Structure formats: structure tokens, C-alpha cells
Amino acid sequence: MDSDHDIKTRVTTLEELKVPHKGEDCLVIIYAPEETDLGRRHVLHKEITTVGRDRENDIVLDSDSVSRRHARVEHRGDFIFIVDLDSTNGTFVNDDQEPITECQLRKGDQLKIGDTIFKYLAGSDVEAQYHETIFKFTITDGLTDVGNKKHLNHVLEKEIPRALRHGRDLALLMIDIDHFKDVNDTYGHLAGDSVLRDMASIISRRLRPDDELGRYGGEEFAAVLPETSLEGGVKIAEELRRRVEGHAFMVEGEQIRVTVSIGAAALLPGMDVNGFFKAADEELYRAKNGGRNRVCPAPST
């Protein structure tokens with residue numbers, strides 16, 4: 001991260017400040033390197049709760065991307081604030097691109113410290129919020145906020161029989177970030193996480209309301225396109241490829257360019273979920289072997 005960046009404090013409106021927090025406020029882990037940490041709840045019952053890599057902290061995050069004393073959560077009257085403790089990699093709230101020095105947390109805010117993301121739950125219905133959060137991350141990727149592989153499987157289990165029964169088109173795109181390991185090796189995993197979030201946002205903005213995007217795993221995404229022929233899917237894929245190629249990804253204050261390879265497949269009679277993924281993945285493999293930053297099958301001219 002650029003040491004000369006301008007650190008900003010998010011401005012909270014007067015309307016937001018009128019609502020006091022009641023109940024057992026807590027932070028819930030919705031994304032973490034270790035899957036066993038998902039769903040862990042940290043109740044904010046102390047006036048000050050410290051977060052960091054050192055074992056003396058109230059919330060210990062065992063990661064090199066977390067400072068020994070990274071941040072603290074403070075009760076200030078009826079409100080909760082997060083305060084960064086001059087950490088190396090910064091503390092982030094929601095989709096802010098710049099680290100905060102301190103800011104008031106509002107119900108539902110997401111807090112990113114190192115490679116862990118928390119969700120802040122507050123109010124009289126904390127228990128209901130907790131169960132809703134737990135359910136959501138069973139089908140949602142906590143880092144990119146799009147569906148996960150389980151969700152993609154569920155979508156295709158519904159869409160494939162529907163398409164076959166009614167004779168409708170169905171297309172599937174497999175989208176892989178080219179040379180993503182180089183991004184992680186050069187800039188670090190936090191920068192890689194930022195690229196993944198931006199990538200999900202770029203793809204989502206192009207897709208239609210009935211399309212379904214999910215993170216298939218690692219740096220790979222999949223898009224289910226109902227009522228779409230192979231030709232239509234390839235056209236969408238090529239537009240996505242161009243949008244990504246033209247986008248300036250901000251990493252540690254520096255603009256970098258990233259490209260994607262995309263494989264497109266159309267549903268054929270007799271295909272199941274695994275067969276459909278395999279067909280699109282084979283096209284992705286051809287795109288990678290063909291030089292990357294391309295769509296297979298190639299769009300017709």
C-alpha cells in the first residue's frame with residue numbers, strides 16, 4: 001500500500017446518528033482463510049475490543065496480513081466505532097477503497113482486516129440477523145458477495161431440467177483471471193482480493209437480471225445465462241473480456257491491467273450439471289492454451 005495515501009474518515013449523516021444500538025452487538029466472520037472460522041461470532045460486550053495478530057488481543061487473527069495491534073472497536077455512548085491502530089495494511093469498511101482512521105459502524109457494515117471480513121450485527125434482533133447471515137454465506141462468497149459454487153450448482157439443477165423440458169436455450173460461461181498468481185506474488189494476497197472483488201463487480205454490471213454469477217473457486221467465476229444460445233453467450237463473453245481488458249484495477253495506489261479467458265458452452269440434450277460445467281471448462285482450457293485474453297469458442301465475425 002502506498003505510504004503517502006490520503007487516509008479518509010467516512011462521513012456519517014445526522015439521520016444515521018439518530019439511531020442508537022441496542023442488544024448484544026457482535027462481529028461475525030463471513031470470509032476467512034480458514035473455513036472453520038466462518039460464522040464465528042465475537043460479542044462486543046467490552047468497552048474496547050482489540051483486534052490483531054498478537055495473542056493478547058480480544059480477537060486474534062493469525063495472519064501475516066494483520067498487524068500485531070491492528071484495530072480496536074470502541075463503545076462511545078450508544079454507538080460503536082472502529083479505530084485503526086496505524087496498521088500496516090489498513091482497516092476497511094464496506095467497499096471503501098481507502099483505509100479508515102476511524103468510523104462509526106452501522107448495522108450490516110462489513111469490516112475487512114487483513115484477509116478476514118466481519119459483518120457487524122446490532123439491534124434488538126441480533127439473533128435473527130445472525131441466522132440470516134449464516135444462511136447467506138452458505139450460498140454466497142463472502143469476499144466478492146456473489147454466489148458460491150454451491151449456489152451455482154443449485155441454479156443449474158433448476159435451470160437445466162427447465163430448459164430441456166421447454167426446449168429453451170441455456171448458456172454457461174467459465175471466466176478465469178489470467179496470470180492471477182502473478183498479481184498475488186507481486187502485490188500480495190490483499191491486492192489479489194481487491195482484484196477479485198472488482199472483477200465480480202465488472203461482470204455483474206454487464207449481466208442481465210435473470211443471469212446468475214458465482215465464484216466457482218479461486219480466480220474462476222461462472223455465469224449461468226438462461227434463454228441464451230451459444231452465439232448469444234459468446235457475444236456476452238466477448239463484451240465481458242473487452243470490459244475487463246479496458247478496466248484499470250487499482251492496487252496499492254497503482255493502476256494495473258488484468259485480462260480474462262472465457263469458455264462458453266450451450267446446454268445439449270443429456271447434459272447434467274457436471275457435464276455442463278465440463279463442456280464450458282474445456283472451452284476455457286482452449287482459451288488459456290490459445291494465448292489467454294480470449295473467448296472460446298471464438299465469436300463469429
Side-chain angles (χ1 to χ4, degrees), residues 1-2 5-32 37-54 56-61 63 65-134 136-137 140 142-145 190 193-194 197-198 201 250 253:
M1 182 174 295
D2 187 350
H5 63 266
D6 294 326
I7 299 177
K8 69 177 181 181
T9 300
R10 191 179 63 187
V11 177
T12 303
T13 66
L14 290 176
E15 279 299 313
E16 291 164 350
L17 290 173
K18 289 179 181 178
V19 184
H21 295 289
K22 299 176 182 177
E24 201 172 46
D25 296 0
C26 61
L27 295 176
V28 177
I29 296 177
I30 61 172
Y31 181 81
D37 289 333
L38 291 175
R40 182 168 296 175
R41 174 166 43 181
H42 297 277
V43 178
L44 304 175
H45 55 81
K46 298 172 65 175
E47 286 299 307
I48 294 179
T49 300
T50 57
V51 186
R53 196 172 76 246
D54 194 282
E56 295 182 358
N57 288 288
D58 300 300
I59 301 175
V60 179
L61 300 178
S63 170
S65 61
V66 177
S67 297
R68 292 187 180 279
R69 295 180 66 256
H70 196 107
R72 67 174 181 261
V73 183
E74 296 182 359
H75 286 263
R76 298 182 185 175
D78 290 325
F79 308 105
I80 298 285
F81 282 76
I82 179 70
V83 180
D84 184 77
L85 300 178
D86 295 322
S87 64
T88 301
N89 290 312
T91 300
F92 298 83
V93 175
N94 297 327
D95 295 326
D96 288 349
Q97 296 296 312
E98 295 291 335
I100 55 92
T101 50
E102 67 172 52
C103 85
Q104 182 194 334
L105 290 178
R106 298 168 294 177
K107 184 170 73 173
D109 276 350
Q110 292 188 10
L111 174 63
K112 189 171 191 297
I113 294 179
D115 44 15
T116 298
I117 300 176
F118 299 89
K119 186 171 184 178
Y120 173 57
L121 306 184
S124 58
D125 60 343
V126 165
E127 199 64 29
Q129 293 175 51
Y130 177 72
H131 289 297
E132 180 181 349
T133 299
I134 296 301
K136 184 179 179 184
F137 78 60
T140 304
L143 177 65
T144 60
D145 204 32
L190 296 182
D193 287 353
S194 176
R197 286 194 300 272
D198 285 352
S201 177
M250 293 299 299

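What you see is a predicted model; the values in this text were computed from it and never measured. Hydrogens, waters and symmetry mates play no part in the numbers below; they use all other heavy atoms, side chains included.
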Can a donor-acceptor pair be found, under 3.5 Å and without considering hydrogens, that links the side chain of [X] to the backbone of [Y]?
X   : Y   : value
H70 : G90 : yes
D58 : T50 : yes
E24 : H45 : no

For [X] against [Y], the heavy-atom pair lying closest together:
X    : Y    : value
L85  : R69  : CB-O, 3.5 Å
Q104 : D109 : O-OD2, 4.0 Å
F81  : E102 : CD2-OE2, 4.4 Å
A71  : I82  : CB-CD1, 3.9 Å
G142 : I117 : O-CD1, 3.8 Å
I30  : K119 : CG2-CB, 3.9 Å

Original post:
S63: what forms a side-chain contact (heavy atoms from CB on, under 4.5 Å) with it, not counting sequence neighbours?
Top reply: S65, V66, D115
Original post:
What residues, two or more places apart in sequence or in another chain, satisfy side-chain contact (heavy atoms from CB on, under 4.5 Å) together with E74?
Top reply: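 Per chain and number, E74 pairs via side-chain contact (heavy atoms from CB on, under 4.5 Å) with I48, R72, R76, V83.
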Original post:
Sequence neighbours excluded, which residues qualify as salt bridge (Lys or Arg N to Asp or Glu O under 4.0 Å) partners of D193?
Top reply: K112
Original post:
Of all residues at least two apart in sequence or in a different chain, which pass the salt bridge (Lys or Arg N to Asp or Glu O under 4.0 Å) check with R40?
Top reply: D37
Check: [Y] and [X] side chains under 4.5 Å, non-hydrogen atoms:
X    : Y    : answer
V93  : Y120 : no
F118 : L61  : yes
I29  : H42  : yes

Quick check for you: to the nearest 0.5 Å, what is the distance between [X] atom [atom1] and [Y] atom [atom2]?
X    : Y    : atom1 : atom2 : value
I113 : N89  : CD1   : CG    : 11.5 Å
L143 : S194 : CG    : OG    : 9.0 Å
L105 : D25  : CG    : CG    : 9.5 Å

**OP:** Tell me, please, which residues at least two apart from E132 pass side chain to side chain donor-acceptor pair (under 3.5 Å).
**Re:**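 Partners of E132 by the side chain to side chain donor-acceptor pair (under 3.5 Å) criterion come out as none, since no residue qualifies.
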Subject >> Residue list, side chain to side chain donor-acceptor pair (under 3.5 Å) with D84, at least two apart or on another chain >> reply: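 So D84 forms a side chain to side chain donor-acceptor pair (under 3.5 Å) with S87, T91.
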**OP:** Decide if atom CG of D95 counts as having more than 12 heavy atoms of other residues, nucleotides or ligands within a radius under 6.0 Å.
**Re:** no
